[in-house]
Amino acid sequence: MKKQTAGRDMLGEFAPKFAELNDDVLFGQVWSREDKLSLRDRSLITICVFMGKGLFDSSLKAHMTNAKNNGITKEEMAEIITHAAFYAGWPNAWAAFNIAKEVYAGDSTSELHGGMFGMGEPNVNFAKYFTGNSYLKPLTKQGESAVFLANVTFEPACRNNWHIHRAANGGGQILICVEGEGWYCEEDKDPQSLKEGDVVVIPANVKHWHGAKKDRWFSHIAVEVPGENCLTEWCEPVSDEEYDKLP
């Protein structure tokens, strides 16, 4: 996640220690433990706690904005508040909806991403290998044929870790870009800009990563090329410093 500076921006001179704890401990250490709990789930929990405590100031609006950026759609936010209403109270739900309507103004179901195949579900099983939120829509069933296809959608700035599609023979992966704009990068090579209609053939045993551009959603169909002794070796994340150097 991006480094939080709200504490220092608002209270740096008045309460420097509080600002430090807010930016470096709460957000820098707790929120950043994405290998334990995703940013999306942390946003969901935080919003429910705020509702339960009856806190409807600018902080809740900021957290709802973060929730939106962390992949919670307008429809999901409405369902979260509706569910929490039975525990946090009906008036609290009304107050939360008033804030949510501001945050999600202009969003609509038709604006969901993923191209003609749709976004699918949050990619929770592989979340630890992604920076940011991704979504998975399988297009074939595992074992149904020799080739497995899935539509993968990345929120803005989301990317997967460096990884290698290992194979003794054959193998590799093909990406078919279906919506938005993204990046593909092989180790020791310049990154390749991607848009709808582009196709990337990834050889086996080549270290690489792919994901969305900073301000664009991105979806591609991932095709697993059949081969012998195929497996995916996940490596280190693409650092913010490395990613931020991209145009």
Side-chain angles (χ1 to χ4, degrees), residues 1-9 12 19-20 22-36 38-40 42-43 62 65-71 113-115 119 122-123 126-136 151-166 172-222 232-247:
M1 64 176 294
K2 293 184 178 179
K3 182 174 177 59
Q4 177 64 259
T5 62
R8 289 183 171 88
D9 292 343
E20 175 190 342
N22 182 84
D23 295 350
D24 299 344
V25 178
L26 174 58
F27 287 96
Q29 296 179 25
V30 178
W31 273 80
S32 65
R33 287 160 29 108
E34 296 178 53
D35 59 324
K36 307 297 182 185
S38 71
L39 292 175
R40 184 181 187 280
R42 291 183 189 275
S43 288
T65 301
N66 285 339
K68 180 180 178 181
N69 293 335
N70 290 335
H113 302 278
M119 287 177 63
N123 191 12
F126 292 88
K128 63 183 177 180
Y129 303 123
F130 285 72
T131 299
N133 295 298
S134 65
Y135 301 83
L136 187 67
N151 193 34
V152 185
T153 298
F154 303 76
E155 69 176 3
C158 175
R159 65 273 187 188
N160 50 31
N161 290 8
W162 287 96
H163 58 286
I164 306 169
H165 301 292
R166 296 290 188 188
Q173 189 179 58
I174 298 173
L175 307 180
I176 305 172
C177 305
V178 296
E179 185 188 52
E181 297 182 33
W183 294 106
Y184 169 75
C185 185
E186 293 183 7
E187 189 175 37
D188 298 325
K189 291 186 178 181
D190 292 334
Q192 178 182 343
S193 178
L194 301 176
K195 64 182 184 306
E196 182 178 340
D198 288 340
V199 176
V200 180
V201 178
I202 306 171
N205 305 309
V206 171
K207 189 175 181 180
H208 65 282
W209 67 267
H210 34 105
K213 291 190 175 180
K214 296 175 184 177
D215 57 352
R216 296 286 188 274
W217 285 78
F218 177 59
S219 298
H220 64 56
I221 297 173
T232 300
E233 178 185 340
W234 291 100
C235 307
E236 72 277 8
V238 179
S239 68
D240 289 341
E241 180 181 8
E242 184 177 9
Y243 181 82
D244 288 341
K245 291 179 181 178
L246 297 171

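Every residue two or more places apart in sequence or in another chain that forms a side chain to side chain contact (heavy atoms under 4.5 Å, CB included) with A204 is listed here: A167. Evaluation of the side chain to side chain contact (heavy atoms under 4.5 Å, CB included) rule for R8 yields A19, E20, D23, D24 as partners, not counting sequence neighbours. By the side chain to side chain contact (heavy atoms under 4.5 Å, CB included) test, R216 is found to be paired with E181, K213, residues two or more places apart in sequence or in another chain being considered. Residues that satisfy the ring-ring contact (aromatic ring centres under 6.0 Å, His included) test with Y243, not counting sequence neighbours, are absent from this structure. Residues satisfying the side-chain hydrogen bond (donor to acceptor under 3.5 Å, both in side chains) test with N123, not counting sequence neighbours, are S134. For E236, the side chain to side chain contact (heavy atoms under 4.5 Å, CB included) partners at least two apart in sequence or on another chain are W162, K207.
Under the 4.5 Å side-chain criterion, counting only non-hydrogen atoms from C-beta, V178 is in contact with I221. Side-chain contact between W217 and C158 is absent, with no heavy atoms from C-beta onward closer than 4.5 Å. Two residues are said to be in side-chain contact when any heavy atoms from C-beta on lie closer than 4.5 Å; K128 and S38 fail this criterion. Inter-residue side-chain proximity for Y135 and V152 is flagged as unmet; no heavy-atom pair is nearer than 4.5 Å. When side chains are defined from C-beta on, L175 counts as touching I202, because their heavy atoms get closer than 4.5 Å. In this structure the side chain of I164 never reaches within 4.5 angstrom of the side chain of V206, judged on heavy atoms. Two residues are said to be in side-chain contact when any heavy atoms from C-beta on lie closer than 4.5 Å; R42 and R33 meet this criterion.
Of the possible polar contacts, none joining the D244 side chain to the E241 backbone as a donor-acceptor pair under 3.5 Å is found. Judged by distance alone, with hydrogens and angles left aside, the side-chain atoms of E179 form a donor-acceptor pair with the main-chain N or O of G114 at under 3.5 Å.
Centroid-to-centroid, the aromatic rings of H220 and F154 come within less than 6.0 Å. Annotation: H208 is in aromatic contact with Y184 [ring centroid separation under 6.0 Å].
Electrostatic pairing of D240 and R159 counts as a salt bridge here, judged by a charged N lying under 4.0 Å from a carboxylate O.
Around the NZ atom of K214, the shell of radius 6.0 Å holds more than 12 heavy atoms that belong to other residues, nucleotides or ligands.
Considering CD of E34 and NZ of K36, their distance stands at 13.0 Å, rounded to 0.5 Å. Between R166 atom CZ and E233 atom CD the span is 4.5 Å, to the nearest 0.5 Å. To the nearest 0.5 Å, atoms CH2 (W183) and CG (L194) are separated by 8.5 Å. Considering SG of C185 and CG of L246, their distance stands at 7.5 Å, rounded to 0.5 Å. Note that OG of S219 and CD of E196 are 9.5 Å apart. Values are rounded to the nearest 0.5 Å. In this structure, CG on N161 lies 8.0 Å from CZ on F130, to the nearest 0.5 angstrom.
Between H113 and M119, the closest heavy-atom pair is O-CG, 2.5 Å. Nearest heavy-atom pair, P156 versus A212, reported as atom, atom and distance to 0.1 Å: CA-CB, 4.2 Å. Smallest separation of non-hydrogen atoms from N160 and V238: O-CG2, 3.7 Å. Contact detail for D198 and S193: the closest heavy-atom pair is OD2-O, 3.9 Å. When all heavy atoms of L26 and N22 are compared, the closest pair comes out as CB-O, 3.4 Å.
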